[in-house]
Amino acid sequence: MAIERTFSILKPDATRRNLTGKINAVFEENGLRIVAQKRIHMTETQAKKFYEVHAARPFYGELVSFMTSGPVVVQVLEGENAVAKNRELMGATNPANADAGTIRKMFAESIEANSVHGSDSAENAAIEIAYFFAGSEIVG
Ligand code: RTP
Ligand code: MG
C-alpha cells in the first residue's frame, strides 16, 4: 500500500477537555504523521457545507451546532493506508459500539460528541483536505 493522506478533525468536545495531545499521540504511535494542523473555530457556513451529505438526516442541525460550539483542530494525517488506518484507530461512530483501545472508546462522550472525524474514503479525503488547507500548508 502506498503512502496516503487523510483528513482529520479533533472535535469541540476534545479541545474543550484538552485532549488534543493525547489523541495526536495515538496517531503518531500508530504510524500516522501529522503533516498539517491548525486550530480554527468553524463558521456555521463551513460546518453546513462540510456535513452537507448529512443534510437530510435528523441530527444535521444539532451536528452543525455542535461542530461550531468551540474550537476544533483540523489536520492532515499521512501514512501507509492512512484512511483505513485512521478509521480503525477512531473506532465506531457511537462510542458504546467502539472497540476497546480506540479513540472513541477511550475519549468520546456520546454518538455526537465523539471526539474525532476521519475521512471515509481517499476521494473524500482529497476533497476535505482541499476544503481546509492550501497546498502550501501541508508539509510532508
Ligand atoms: P465522522 O464523519 O465524524 O468521521 O464520523 P462517522 O463517519 O463515524 O459518522 P457519520 O455517520 O459520518 O456521522 C457524522 C457525525 O455526525 C454525528 N452523528 N450524530 N445523533 C446521531 O444519531 C448522530 N449520528 C452521527 C457524529 O458526530 C458523527 O461523527
Ligand atoms: Mg462520516
Side-chain angles (χ1 to χ4, degrees):
M1 198 5 141
I3 297 293
E4 184 176 73
R5 286 177 176 173
T6 193
F7 176 72
S8 163
I9 305 178
L10 309 183
K11 295 185 179 184
D13 67 286
T15 60
R16 176 168 48 76
R17 288 176 293 150
N18 223 11
L19 291 171
T20 64
K22 282 193 170 136
I23 296 173
N24 278 347
V26 174
F27 297 145
E28 293 187 336
E29 282 161 11
N30 287 281
L32 295 176
R33 185 174 294 276
I34 302 161
V35 294
Q37 173 165 261
K38 59 189 172 190
R39 184 172 170 106
I40 62 169
H41 198 133
M42 254 195 238
T43 64
E44 193 180 328
T45 308
Q46 268 179 317
K48 278 186 169 161
K49 178 106 174 73
F50 184 74
Y51 281 116
E52 207 166 36
V53 61
H54 295 308
R57 310 276 284 276
F59 59 80
Y60 180 63
E62 272 193 25
L63 176 59
V64 169
S65 312
F66 167 61
M67 291 302 289
T68 56
S69 68
V72 299
V73 176
V74 291
Q75 313 174 299
V76 180
L77 307 178
E78 183 179 272
E80 241 177 69
N81 216 5
V83 173
K85 165 61 79 176
N86 184 37
R87 298 285 294 185
E88 186 187 309
L89 295 174
M90 287 163 53
T93 309
N94 186 346
N97 304 326
D99 289 339
T102 61
I103 292 167
R104 283 167 167 167
K105 186 56 150 194
M106 290 190 285
F107 302 120
E109 294 183 314
S110 66
I111 188 169
E112 176 180 85
N114 60 3
S115 305
V116 283
H117 161 84
S119 307
D120 57 14
S121 67
E123 293 72 21
N124 283 336
I127 294 166
E128 293 174 1
I129 289 169
Y131 190 55
F132 286 101
F133 289 98
S136 60
E137 293 179 300
I138 305 167
V139 183

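All ligand and atom numbering here is 1-based and tracks the order in the structure. Computed from a predicted structure; not experimentally measured. Side chains included, hydrogens not; waters and symmetry mates left out as well; all remaining heavy atoms used. Heads up: numbering here begins at 1 and tracks the sequence.
For Lys22, there are no salt bridge (charged side-chain N to carboxylate O under 4.0 Å, His left out) partners at least two apart in sequence or on another chain. With sequence neighbours excluded, no residue forms a ring pair (Phe, Tyr, Trp, His ring centres under 6.0 Å) with Phe133. Every residue meeting the side chain to side chain contact (heavy atoms under 4.5 Å, CB included) condition with Ala125, not counting sequence neighbours, appears here in chain and number order: Thr6, Val83, Ser119.
Looking at Asn24 and Gln75, their side chains do bring a donor and an acceptor atom within 3.5 Å of each other.
Judged by distance alone, with hydrogens and angles left aside, the side-chain atoms of Glu4 form a donor-acceptor pair with the main-chain N or O of Ala82 at under 3.5 Å.
Protein residues with a heavy atom closer than 4.0 Å to ligand 1 are Lys11, Tyr51, His54, Phe59, Leu63, Arg87, Met90, Thr93, Arg104, Ile111, Glu112, Asn114, Val116, His117, Gly118, listed by chain and number.
Linking ILVMFWY residues whenever their side-chain heavy atoms come closer than 4.5 Å, directly or via other members, places Met90 and Leu77 in the same cluster.
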